[in-house]
Amino acid sequence: NAGVTQTPKFQVLKTGQSMTLQCAQDMNHNSMYWYRQDPGMGLRLIYYSASEGTTDKGEVPNGYNVSRLNKREFSLRLESAAPSQTSVYFCATAFVSVEQPQHFGDGTRLSIL
Amino acid sequence: AQSVAQPEDQVNVAEGNPLTVKCTYSVSGNPYLFWYVQYPNRGLQFLLKYITGDNLVKGSYGFEAEFNKSQTSFHLKKPSALVSDSALYFCAVSKTNAGKSTFGDGTTLTVKP
């Protein structure tokens, strides 16, 4: 998807390892989101950032931390990865904080052994 | 608590026929409702939203959705299905136009030539 870039696209970790998922957008959007998608389920919101300098917990924040580094970048960190965090992670953006996300990255497929 | 139900895991239609993908919701107060589409190995794409006003909402790619408050439903429709419409469709509900939305588990639409 043009506009929202996630890195890496794939990653395999061992239990207890840490890692940071990166998300960058070039659309000058104010709001950014991190979701996880598990098989047969819809997206669940992990954290979101309504604007630069603010972050809020979503539905499933435990085990994750986020940083809104600047307007363009919003990273998601797993401090001590667990098998239950095996999932596909999506970053999303919205132009303003009063909008639901409208642009999504192509996802990071994370496996934790 | 808010919730979304997509009662059909799979919907099959013939090309050229009308299609309907069902969604029912539960939320306190007035709902904000959204439809997204996901193609294989891609992020979600926003299709349309209902905030207020007209019960029939028109969106991208010829899709529309009908809000029915008495039945707490927001079904996605298209008058004439295309093979390229085959994808995974998600309905989502929120109490506001921003932040924490709840997604359904998704419905796989298959359009056969």
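Chain letters run A, B, ... following the sequence lines, proteins first, then strands; residues in each count from 1. We use all heavy atoms of the structure for the numbers below, so side chains are in, but hydrogens, waters and symmetry mates are not.
Residue A:R44 does not touch chain B at all, counting heavy-atom pairs closer than 4.5 Å. For chain A, the nearby part of B:Q38 is the side chain; its heavy atoms alone come within less than 4.5 Å. Heavy atoms closer than 4.5 Å to chain B are found nowhere in A:K9, neither backbone nor side chain. Contact annotation for A:Q37: only side-chain heavy atoms (C-beta onward) come within less than 4.5 Å of a heavy atom of chain B.
Under the 4.5 Å side-chain contact rule for hydrophobic residues, B:L88 and B:V13 do not share a cluster. Hydrophobic cluster membership is shared by B:W35 and B:V57, with clusters built from Ile, Leu, Val, Met, Phe, Trp and Tyr side chains linked at under 4.5 angstrom. In the hydrophobic clustering of ILVMFWY residues, with side-chain heavy atoms under 4.5 Å counting as a link, B:F34 and B:L76 come out apart. Both B:V11 and B:Y89 belong to a common hydrophobic cluster when Ile, Leu, Val, Met, Phe, Trp and Tyr are linked at side-chain heavy-atom distances under 4.5 angstrom. One hydrophobic cluster holds both A:Y64 and A:W34 under the rule that ILVMFWY side chains link at heavy-atom gaps under 4.5 Å.
With contacts defined as side-chain heavy-atom distances shorter than 4.5 Å, the pair A:M41/B:F90 does not qualify. In this structure, the side chains of A:Y35 and B:S101 come closer than 4.5 Å at one or more pairs of heavy atoms.
When ring centroids are compared, B:Y36 and A:F104 come within the 6.0 Å threshold.
Other residues, nucleotides and ligands contribute at most 12 non-hydrogen atoms within 6.0 Å of the NZ atom of B:K22. With a 6.0 Å radius and a threshold of 12 heavy atoms from other residues, nucleotides or ligands, A:D38 has its CG atom above the threshold.
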* To do: Show your reasoning for whether side chain to side chain contact (heavy atoms under 4.5 Å, CB included) applies to A:D106 and B:N41.
  => CA-CA 7 Å; A:D106 285 341; B:N41 299 313; over 6 Å; no
* Could you go step by step and tell me if A:Q102 and B:K49 meet the side chain to side chain contact (heavy atoms under 4.5 Å, CB included) rule? -> CA-CA 10 Å; A:Q102 299 195 356; B:K49 67 180 177 183; 4.2 Å; yes
